[in-house]
Amino acid sequence: MKRPELLAPAGNMEALKAAVANGADAVYLGASRFGARAFAGNFHEDQLQEAVRYCHLRDVKVYVTVNTLLYEEELAEAIALVDRLVQAQVDALIVQDLGLVSLIRRRWPDLELHASTQMHIHNLDGVRWAKDMGFSRVVLARETPLELVRECAREKIDLEIFVYGALCVSYSGECLMSSLLQGRSGNRGQCAQPCRMRYQLIDETQDKVVPAEGEYLLSTRDLNTLDRMKELMNSGAVSFKIEGRMKRPEYVGAVVRAFRRRIDALLQQEQIRPDPQEQQQLKKLFNRGFTEGYLFHQSGFSVMNAFRPNHLGVQIATVLSQKNGRLQIRLSAPLHQHDGLRILRDHGEDLGFLANYIYRHGLLVSKAEAGDIVELEVRDKVRPGSAVLQTTDALLMKQLQRQFAAPYRRIPLIMEVSGQAGTPLQLQVSDKQGHQLTVYSQDALSPALSSPLTEQRIEAQLNKLKETPYCIESCRITLDGDVFLPLQQLNELRRQAIEGMNQLRLKRPALQPVISQPSVRPVNSKPQIAEILIEVETWEQWEALKDLPVQLISSWPQLWKEENVIASQLRVVPQSVSLPGRCIQVQQLGALNNPQQHLLLTQGFNVTNSEAMQLLLSLPQVDAVEFSLETSGAQQRQIRKAFLQRCGFLPPTIQWVYGARDLMISAACPVNRLLKDGKKKNCRLCHQRSYALRSIHREHFPLLGDSGCFSHLLEAEPYRMPEGDLDPSQSWKLRMTRETGPIARQLAMTYLQWRQRLATLSKSDG
């Protein structure tokens, strides 16, 4: 059983120190820009250098997230940031944007890169592609089952998996819900978490609400695999990642320590049993209910929590009565002054407050025990029988803060002291990594007239290492006769030794940049593709469109043999699937391992800049690339112009001009969960009737299952690109989802006419 890396989040310096003090092997953090947690504390340049120094002295690695999508005008700033991160000697970068990957590989070929989970790598082909691209590590999608982790581990590339923290209901990198609805892109670190809002499942065919327990139909539980460590350590994954860059230091420290103890015990072959007290502590820090997640094939209600989208804490009391602004409760667990409490209410928002004043028998007390009846000052109306949750345990917080001052591990030093009268005292220090130095006292030792130096006194002075990352493993002292040296010189000797050891441990070979950047592989001419591409879902749509001068595309196998239809891969492809035809549409990175067919790349590749466009089009099998749905018409023109300046011709690109866009793609289907308990796939219910999620604003977001039974949440109304942004020099894409045959044909005819008119205008302008 190999020792895995325990990787902890660090939203700020306090959280970083908590992670290191409690046993993290590595931390991941964001720089001032381009990280997928824009609202975490993040680290400015001076702070980042301090963080790297702090971690490297303690044998802890630092990975920096530069894992947002980049627009054209941001590329220069992003590579300048990378230059500064290299100079700061970070250990690796976590990246998503393909354009940035291309830039980094050309400028810093030896820099370690990790493929962010935002890259949507969820299959063996995706792992192989990342390996061929020079990535050192892949952060697998959270939906990856353990069996697939084992299979991917055979590819001899480091794998990182999430083991604790928040889950996204959508595949990461494939969620546009926050971006399209609220203008805050999850792919750019600004997710507004609309999945944590209230929704109802609507059967639109019968115009009725589907009964559901709870209203937060897209809200997931939190991942907790602490009790499955042995299986995870045998999976082949090399890094276990804790989510939580927005969390407080006490949370980070406690979670890291729990996993550190479990991992170390397994490595020492100790018997491990589930620890209810430890799990209770973790619940107090933050939980939305725990799940072992997709790693262990949990689904349905085991993954989702529709009752509350926020911290549940643990129940410690029940409301008995309320009178004169005081709430009487019966405790089932201890309560301390300044504990955070929440009272669950059936209607309206839950009531949260601090227990600043606790009354027992009419007297103020600082604490109360299980079984006690106490009173709290609460004026908001609360129903008797309501549950009282403890969301912050003040006593636990103090205990955790004390742990930070007693690090889980220190760097052991071997010290050797020697000397004799008339010569300086010599101190030789070494560590287990082979660093070694010798320092000498400023003055020579003198014969002791009284109070000679003793081994105990020397070792006591050298052992004053509390503010350093070190401890003394062994100290050998050899003195010739009774000698004397002032204690301040012993202290100075220790200070010099520690400073010298710090310098040795921080010294690392610098990466060398490529000064004259070689160009990415040239883009050769591509075959002409159809001017209008239309994705179809149904036989009726195909029948209505088959005779038009358009190229039809479908992800439904039953349509692949029909006239004028090319096959489309799904967005989620857990296992390799061979699609028929000379040309196919593909939607995820693993498909790039297919050099035999001509490929049309969809918006799933998240292309937002010309560098990413050039990288993909340099592949001989790629015929055309669709822009990210998070690019405007103006941004698309900017990308094409930059590509033209670099390559000498306009790229073969595809504009999405009409159709309901995916807000998210999920392995958790609300229809299946509420009508079939979420455990049986391929229920086909969403193809027998029309279902949608209704928001608190009364918007209906249609739900559609694809041929692999992955759930697609669509925007309320199909998107129509503004006429001023329609570009006849590009191919256009229309997507039909719930449109009838006649409507699909009418739309196709409209866009054919527009294209002909715009092409004519373009020629006359030329």
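Note: hydrogens, waters and symmetry copies are ignored here, and every other heavy atom, side chains too, is used.
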Exercise. With the side chain counted from C-beta on, respond yes when Arg738 and Glu204 share a heavy-atom pair under 4.5 Å apart, and no when they do not.
Key: yes
Quiz prompt | Beyond-backbone contact of His122 with Val573, side-chain heavy atoms, under 4.5 angstrom | solution = yes
Practice problem: Starting at CG of Leu181, measure out to CZ of Phe701 and round the result to the nearest 0.5 Å. | Solution: 4.5 Å
Quiz item: Which is it for Phe34 and Leu100 under the side-chain contact (heavy atoms from CB on, under 4.5 Å) test, yes or no, and what are the steps along the way?
Solution: CA-CA 11 Å; Phe34 309 125; Leu100 182 61; over 6 Å; no
Quiz item: Which atom pair, heavy atoms only, marks the closest approach of Glu715 to Gly659?
Solution: OE2-O, 3.6 Å
Quiz prompt | Main-chain N/O of Phe307 paired to Glu213 side chain as donor or acceptor, under 3.5 Å | solution = no
Practice problem: Measure from NZ or CZ of Arg661 to the centre of the six-membered ring of Trp656, then state whether that distance is under 6.0 Å and the direction lies within 45° of the axis. | Solution: no
Exercise. Using only heavy-atom distances, determine whether the side chains of Thr68 and Arg188 contain a donor-acceptor pair under 3.5 Å.
Key: no
Quiz item: For the atom pair CD (Gln587) and CD (Gln569), what is the distance rounded to the nearest 0.5 Å?
Solution: 7.0 Å
Exercise. Show your working on side-chain contact (heavy atoms from CB on, under 4.5 Å) between Val169 and Met304 and close with a plain yes or no.
Key: CA-CA 8 Å; Val169 66; Met304 310 298 293; 3.8 Å; yes
Quiz item: Under 3.5 Å, is there a donor-acceptor pair between the Arg640 and Thr653 side chains?
Solution: yes
Exercise. With side chain to side chain donor-acceptor pair (under 3.5 Å) as the test, would you mind laying out the steps for Gln636 and Thr631 before giving the verdict?
Key: CA-CA 6 Å; Gln636 292 175 13; Thr631 56; 3.3 Å; yes
Exercise. Identify the two heavy atoms, one from Pro728 and one from Arg755, that lie closest to each other, and give their separation to 0.1 Å.
Key: O-NH2, 2.7 Å
Quiz item: Pick from Leu545, Leu548, Val550: which one makes a side-chain contact (heavy atoms from CB on, under 4.5 Å) with Met749?
Solution: Leu548
Exercise. Kindly give the heavy-atom pair with the smallest separation between Asp125 and Ser576, and that separation in Å.
Key: OD2-OG, 2.7 Å
Quiz item: Does one side chain, of Asn187 or Gln96, offer a donor that lies under 3.5 Å from an acceptor on the other?
Solution: yes
Quiz prompt | Taking every non-hydrogen atom, the tightest pair across Trp556 and Gly705 | solution = CZ2-O, 3.7 Å
Quiz item: Around Gln756, counting heavy atoms of other residues, nucleotides and ligands shown, do more than 12 lie under 6.0 Å from its CD?
Solution: no
Exercise. For atom CD of Gln528, decide whether the heavy atoms of other residues, nucleotides or ligands shown that lie under 6.0 angstrom number more than 12.
Key: no
Self-check item: Any donor-acceptor pair under 3.5 Å from Arg221 side chain to Phe301 backbone
Solution: yes
Quiz item: Taking 4.0 angstrom as the limit, do Glu243 and Arg142 come out as a salt bridge?
Solution: no
Quiz item: Going from CG on Leu570 to CG on Asp706, what distance comes out if it is rounded to the nearest 0.5 angstrom?
Solution: 4.5 Å
Quiz item: So, Glu72 versus Ser610: side-chain donor-acceptor pair below 3.5 Å or not?
Solution: yes
Quiz item: Less than 4.0 Å between a side-chain N and a carboxylate O, is that true for Asp623 and Lys526?
Solution: no
Quiz item: Quick one: does Cys647's side chain get under 4.5 Å of Gln614's, heavy atoms only?
Solution: yes
Self-check item: Taking every non-hydrogen atom, the tightest pair across Glu630 and Leu69
Solution: OE2-CD1, 4.0 Å
Self-check item: Full working for side-chain contact (heavy atoms from CB on, under 4.5 Å) between Ile553 and Val536
Solution: CA-CA 6 Å; Ile553 303 172; Val536 295; over 6 Å; no
Quiz item: Using 4.0 Å as the upper bound for N to carboxylate O, is an ion pair formed by Glu349 and Arg198?
Solution: yes
Self-check item: Whether Ser178 side chain and Arg184 backbone form a donor-acceptor pair below 3.5 Å
Solution: yes
Quiz item: Above 12 or not: heavy atoms from other molecules or residues under 6.0 Å from CD of Glu562?
Solution: yes
Quiz item: Would you find more than 12 non-hydrogen atoms of other residues, nucleotides or ligands less than 6.0 Å from Gln688 atom CD?
Solution: yes
Exercise. Can you see which heavy atom on Gly741 is nearest to which on Glu540, and at what distance?
Key: N-OE2, 3.0 Å
Exercise. Salt-bridge test for Arg571 and Glu174: reply yes if a basic N is under 4.0 Å from a carboxylate O, no otherwise.
Key: yes
Quiz item: Going by the angle between their ring planes, with limits at 30° and 60°, are Phe649 and Phe643 parallel, tilted or perpendicular?
Solution: perpendicular
Quiz prompt | Heavy-atom donor-acceptor pair, Ser731 side chain to Ala530 backbone, under 3.5 Å | solution = yes
Practice problem: Test side-chain contact (heavy atoms from CB on, under 4.5 Å) on Thr205 and Ser690 and set out the steps. | Solution: CA-CA 5 Å; Thr205 304; Ser690 293; 3.9 Å; yes
Quiz prompt | Side-chain touch Val572/His120, heavy atoms, less than 4.5 angstrom | solution = yes
Self-check item: 4.5 Å side-chain heavy-atom contact, Val586 and Asn594
Solution: no
Quiz item: Around atom CG of Asp547, are there more than 12 heavy atoms of other residues, nucleotides or ligands at under 6.0 Å?
Solution: yes
Quiz item: Are any of the side-chain heavy atoms of Cys686 and Leu703 separated by less than 4.5 Å?
Solution: no
Quiz prompt | Donor-acceptor contact present, side-chain Gln635 to main-chain Thr608, <3.5 Å | solution = no
Quiz item: Roughly how far, to the nearest 0.5 Å, is the CD atom of Gln655 from the NZ atom of Lys733?
Solution: 12.5 Å
Quiz item: Where the side chain of Asn609 meets the backbone of Leu70, is there a donor-acceptor pair that is under 3.5 Å apart?
Solution: yes
Quiz item: Is there a donor-acceptor contact under 3.5 Å from the side chain of Asn606 to the main chain of Gly173?
Solution: yes
Self-check item: Donor-acceptor under 3.5 Å (Ser170 side chain, Ile665 main chain)
Solution: yes
Quiz item: So among Arg689, Arg694, Lys208, which one has a salt bridge (charged side-chain N to carboxylate O under 4.0 Å, His left out) with Asp203?
Solution: Arg689
Quiz item: Donor-acceptor pair, Ser618 side chain versus Leu615 backbone, under 3.5 Å?
Solution: yes
Self-check item: Side-chain donor or acceptor of Glu543 paired with backbone N/O of Gln541 under 3.5 Å
Solution: no
Exercise. Using a cut-off of 6.0 Å, state whether more than 12 heavy atoms not belonging to Gln746 lie near its atom CD.
Key: no
Quiz item: Hey, does Glu563 have a side-chain heavy atom less than 4.5 Å from the side chain of Leu552?
Solution: no
Exercise. Drop me the distance from Glu537's CD to Ser554's OG, to the nearest 0.5 angstrom.
Key: 6.5 Å
Quiz item: Taking atom CZ of Arg735 and atom CG of Leu533, what is their separation to the nearest 0.5 Å?
Solution: 14.0 Å
Quiz item: Does one side chain, of Gln588 or Tyr171, offer a donor that lies under 3.5 Å from an acceptor on the other?
Solution: no
Quiz item: Does atom CD of Gln597 have more than 12 heavy-atom neighbours, drawn from other residues, nucleotides or ligands, at distances under 6.0 Å?
Solution: yes
Quiz item: Considering only heavy atoms from C-beta outward, does the side chain of Gln558 approach that of Trp539 to under 4.5 Å?
Solution: yes
